[in-house]
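These notes are about the structure you will find just below.
Because the structure is predicted, anything quoted here is derived from the model rather than measured. In what follows, chains are A, B, ... by sequence order, proteins preceding strands, each numbered from 1.
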Amino acid sequence: MLAETAALLPFLVLFLHLCLSVFICGSFFFFRGAMFGGIALSWSALPLEVLEQDELRRRVHERGGEREVQFLFRDYAPILPVWHEGQLRLVTWGNRRRDSRRLPCTGWTWLATVEAGGWSRCDAEPIDIPATMGLENGVWYQVRQGIRGLLVRDEHGAARVYMICEPASYYYRVMTRSHWMPVLIGERF
Amino acid sequence: MGVPAAVGHLDADCFYISAERVRNTFLLGKPVGVLGNQGAFVIAKSYEMKAAGVKTGDPIWEAIVKCPHGVYLKRDFRWYEVLSRLMLDVVREFSPEVEYYSIDEFFFRVPSDSERSLQETAEVMRHRILQQVRVPVTVGIARSKTLAKLISDQAKPFGALALVDPEAERALLDRTAVQEICGIGERRAKRLAEYKVFTALDLALANRKLIRSLLTAVGEALWFELNGDPVLPLYSQRPPHKMLSRGGAIGKPSADFNYIWGWLVRSLERLIEELEYHRVCAGRLETWVMHYDGQVGVGKVELNGPTDRFDLLLEAARLGLRRAWLPRRTVARLNLVATHLQWPGSVQRGLFDPPAERAETLARLKREVNDRCGRFALRSGATLFVNEFYKDEAYSYEVCDVRGKICF
């Protein structure tokens, strides 16, 4: 009997961990599988002090003879540029590596969840993620201003950003074969 | 100083792409594709994307394999029309006779009293459009419309070339395949190949009567044009329409009656806008239904008398849909075509038409509200089943209702 209980212990711990996440941050919908892949921002759109950061060097790519910085969710340590308190900062994108036990281990959240107050217990702040292009299922498409995001702090006080998503429009679904799309600022696909 | 009689053809280079680059210089130099058909296909591509092997008409999932770093955009006909009309204004500064051929192509007659040589005219025009509209164009000038178009096709991109010397024309025609001539499709080219006509020069040197017997009067006109005899008219005003049509893809393919009906009513409202704009009435309404499996159904309804009234055309569309739609089949595209057009002044009213007063008051009210509050602000309740497309502002970018052009 004791041995059977011991075997079940890891599952019990995992279950409690999930319950805790839901309890703390309200009713999340966990995004799994292929999702919005990332963004690109033209080199000239980033301030010098941000460009000098080491972690940007390997994210620099060239397209059509112009440099751009790509922020991809598949990166080892995914980050996103955000406008926060009047400054452009680089912030960890979501919680893909499960560094936080409190926050959902994804990089996105539903607009409906945000509107329903699902993040209110986390003192989340709405922020803008500047972007010139978005990447979804291999399709790079133009973004005029940026994407809406949510800035939260994990249990260690570190800032993390979640991208806000909504159900994809028919056009977006055909173009990218994705059922979700990011909430764009001032435009809609 | 006079110049020989000549016709010019101005063609914007990758117009949709160039138009997008006007408002977003970030796209300059990058491989860019504009998507159509609800984002499924590449309908225009930049030279950079073309170099990567992407062709017009390629589905997006093939294009991203050929050009993974390409940037894909949604088309925006409203913006393209703005630039198209600006280009038209510039061309009119050079010539009083301009044909608005398509959204990115114009024919013009070079004024005989021009102080510039033909080559200078082509170069100055190209420069002026780049300066004022910021769209790169190619200008070709020749003795006829067909030759001018062939020249501008060959001089792309950002070319300016005037050719009126018969020897130079012959050299051009010799290196041009016959199917590159506007009006010669694959079927006609195959027909000509049986008579060893492969190049434009072969066609120009062929027996005129033979060409007429093979390609009818249309082919004969091309023969004259290729020989430097300008027989095709230049329409500085669009000739009256023989028919008007509105429709297209219905968003997602569907077999749901309400959804299909909603789309048909949307197309009908757009069609009535056109009838009112051109001040004509429809004598017959045709409903074309393109099913998802490729089958096409047509429902033709003769109206009691020519009309532009919503209530009468709605009933005709309902009957047309019933005739054209194969039961329970999924529909992909719908088109409404108004034919047998007549001026309203010469319309004989039907004996059994319902009174016009109420319908006319409603139509006037709808027009006034929409003029003030925006297109489709007031619309038929039947369109509520396709509400998502009215709510989606971006979708209206898909609607191409550019007026005054000769062809699409």
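- Within a 6.0 Å sphere centred on CG of A/D123, other residues, nucleotides and ligands contribute 12 heavy atoms or fewer.
- For chain B, the option among A/E187, A/R173, A/M133, A/E68 with the highest count of heavy-atom pairs below 4.5 Å is A/M133.
- Considering CE of A/M175 and CG of B/L35, their distance stands at 6.5 Å, rounded to 0.5 Å.
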Trace of the side-chain contact (heavy atoms from CB on, under 4.5 Å) decision for B/R23 with A/R144: CA-CA 11 Å; B/R23 61 179 174 183; A/R144 294 211 179 115; 3.7 Å; yes
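- Taking CD of A/E62 as the reference point, atom NZ of B/K30 lies at 9.5 Å (rounded to 0.5 Å).
- Around the CH2 atom of B/W79, the shell of radius 6.0 Å holds more than 12 heavy atoms that belong to other residues, nucleotides or ligands.
- Within the cation-pi definition used here (under 6.0 Å to the ring centroid, within 45° of the axis), B/K74 qualifies as a partner of A/Y171.
- Remark: B/F257 CZ is packed, more than 12 non-hydrogen atoms of other residues, nucleotides or ligands lying under 6.0 Å away.
- Contact residues of residues 52-73 of chain B toward chain A are B/I60, B/W61, B/I64, B/P68, B/H69, B/G70, B/V71, B/Y72, B/L73 (heavy-atom distance under 4.5 Å).
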